[in-house]
Each structure stands twice: as structure tokens, then as C-alpha cells.
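We count residues from 1, following the sequence as given. All of these numbers come straight from a predicted model, not from anything done at the bench.
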Amino acid sequence: MSLARELDRILRHDLAIHVAWVPIVTRFSLGDYGFRRAGIFEPIGNLREYGVEIEEVSGREVKLDFTSTAATSIRKVGDLTVDALPDSDVEAELHLKFERERSLLLRCPRLVSRRIGNLAVVGRALAEAWRKDGLPWSWRYRVVSELYSGQDVTVVSTLQAGTTVVLS
């Protein structure tokens with residue numbers, strides 16, 4: 001199974017979200033629609049093509065700090081285990097141990113969201129356009145209804161149980 005599909009599965013299961021994958025230069029907009037293939041969203045259009053007006057609602061800024069169950073982190077300075085790594089230049093390591101397969105660590109000190117605030121109106125407009133005008137719409141399409149944007153995002157994902165990642 002591909003890494004993209006596995007990470008998408010973990011995020012969908014644990015956080016009820018999907019990840020936007022490569023190409024990382026692709027910009028996603030609220031109302032984009034398309035297909036998810038192998039854990040990757042492939043946009044093919046935007047709801048505005050159907051004459052649908054999207055009400056954009058901004059979320060508040062939050063800090064995201066998510067770690068799968070059975071995952072631990074150990075901070076070391078030299079041979080000592082410490083509660084926090086110092087802000088000075090010292091030799092230090094962060095050991096991330098994942099006991100279970102398909103585990104995830106996700107850190108983002110600044111995460112904001114934007115979402116479609118009028119989803120019911122959008123749904124009715126699409127159903128009407130499909131019924132009245134015969135516009136091509138597949139109910140298999142997936143619609144970007146909320147976008148999360150983060151700064152300084154860290155993602156560490158594992159496929160096998162017993163994986164240890166050491167950052168120094």
C-alpha cells in the first residue's frame with residue numbers, strides 16, 4: 001500500500017480529515033471537486049462552475065499536537081533524559097518510538113481553517129442543476145469543504161510496529 005494512501009487512512013481514522021498530497025504546488029480552493037485515488041485528491045473543477053456561491057467561514061487559529069496511541073517521545077541531552085530540550089546549542093536527540101503499525105505524529109504550532117458555511121445550500125443547488133439542467137455531476141465526486149493551513153508542520157508516519165525515529 002502506498003504511503004499516501006496509508007497516511008490518508010490514518011488521518012481519516014484518527015482526525016476525520018484528508019491530507020493534500022503531491023504535487024505540493026497544487027493549490028486547493030474551497031469548492032474544488034474531484035476524485036480521491038490511492039489517498040491523493042485529484043481536483044477536476046470547482047463548484048462555482050455550477051453557479052454555486054460559496055460562503056467562506058474562517059476558523060480560529062489553533063495549535064495541533066497529535067500523536068497516535070502507543071507512541072512515546074524521549075528527549076536526551078548527552079546520556080541524560082530530560083523533560084524539554086534546551087534552547088542553546090548542545091548535542092541533543094529526540095527519540096520517537098511507535099509501538100503500533102501505521103502510527104502518526106503530527107505537530108503544527110499554527111493551524112487555521114476555512115470552511116464552506118452553506119453546505120446545505122450548495123447541496124440543493126447541485127441537485128437542482130443536475131435535475132433541471134442535466135449538468136454532469138457524479139455523486140462519487142469529493143468536494144473540498146474545509147481547508148486547513150499550517151506553518152512549520154511536522155509529520156512522521158510509520159508503516160511497521162516497533163519503529164524508532166531519532167532526530168539529533
Side-chain angles (χ1 to χ4, degrees), residues 1-71 73 96 98-161 163 165 167:
M1 187 173 279
S2 74
L3 180 60
R5 181 177 285 170
E6 277 302 308
L7 183 56
D8 186 65
R9 190 192 67 74
I10 293 167
L11 288 169
R12 187 178 68 247
H13 178 266
D14 292 336
L15 298 174
I17 62 175
H18 296 280
V19 65
W21 266 104
V22 289
I24 58 174
V25 294
T26 299
R27 288 194 107 142
F28 295 100
S29 298
L30 288 176
D32 283 353
Y33 65 90
F35 296 100
R36 276 187 41 250
R37 291 188 177 104
I40 298 172
F41 178 68
E42 298 175 9
I44 59 174
N46 190 283
L47 295 177
R48 290 177 177 91
E49 298 165 6
Y50 289 86
V52 175
E53 283 303 315
I54 294 171
E55 174 190 322
E56 190 172 313
V57 177
S58 295
R60 60 187 172 88
E61 185 176 308
V62 296
K63 174 182 172 185
L64 181 63
D65 190 355
F66 174 81
T67 306
S68 298
T69 57
S73 61
L96 304 170
F98 300 94
E99 297 295 331
R100 293 190 179 153
E101 64 182 10
R102 297 178 177 94
S103 294
L104 174 71
L105 173 131
L106 179 57
R107 300 278 189 273
C108 182
R110 184 171 179 256
L111 182 73
V112 293
S113 75
R114 295 183 349 258
R115 66 179 174 81
I116 297 176
N118 59 338
L119 279 176
V121 171
V122 168
R124 283 192 298 274
L126 286 174
E128 184 66 24
W130 182 71
R131 188 172 50 252
K132 184 174 109 182
D133 301 328
L135 291 175
W137 178 261
S138 171
W139 297 107
R140 291 184 18 223
Y141 290 153
R142 299 295 176 246
V143 176
V144 176
S145 61
E146 187 165 15
L147 284 171
Y148 296 92
S149 300
Q151 289 184 342
D152 300 325
V153 177
T154 301
V155 178
V156 179
S157 178
T158 68
L159 293 176
Q160 297 179 341
T163 300
V165 177
L167 305 170

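Rounding to the nearest 0.5 angstrom, the gap separating the CG atom in Leu106 from the CG atom in Leu64 is 4.5 Å. Between the CD atom of Glu56 and the CG atom of Asn118 there is a distance of 11.0 Å, given to the nearest 0.5 Å. Taking CD1 of Ile54 as the reference point, atom OG of Ser29 lies at 8.5 Å (rounded to 0.5 Å). With rounding to the nearest 0.5 Å, the separation of CZ in Phe66 from CG in Leu104 is 5.5 Å.
Here the side chains of Gln160 and Thr158 are not in contact, with every heavy-atom distance at 4.5 Å or above. The shortest side-chain heavy-atom distance between Leu119 and Ser145 falls under the 4.5 Å cut-off. Ile116 has its side chain out of reach of Val144: every pair of non-hydrogen atoms, C-beta onward, lies at least 4.5 Å apart.
The side chain to side chain donor-acceptor pair (under 3.5 Å) test applied to Glu146 returns Ser113, Tyr148, not counting sequence neighbours. With sequence neighbours excluded, the residues that form a side chain to side chain donor-acceptor pair (under 3.5 Å) with Arg107 are Asp65, Thr67.
Closest of all the heavy-atom pairs between Cys108 and Gly150 is SG-CA, 3.6 Å. The two residues Ala161 and Glu99 have their closest heavy-atom pair at CB-O, 3.2 Å.
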Indicate every side-chain donor-acceptor pair of residues 35-51 with a distance under 3.5 Å to a residue at least two apart or in another chain.
from, atom 1, to, atom 2, distance (Å)
Arg36, NE, Asp8, OD2, 3.4
Arg36, NE, His18, ND1, 3.4
Arg36, NH2, Asp8, OD2, 2.7
Arg37, NH1, Glu42, OE1, 2.5
Asn46, OD1, Arg48, N, 3.0
Asn46, OD1, Arg48, NH1, 3.3
Asn46, ND2, Leu30, O, 3.1
Asn46, ND2, Asp32, OD1, 2.8
Arg48, NH1, Leu30, O, 3.4
Glu49, OE1, Tyr33, OH, 2.9
Glu49, OE2, Asn46, N, 3.2
Tyr50, OH, Pro136, O, 2.3

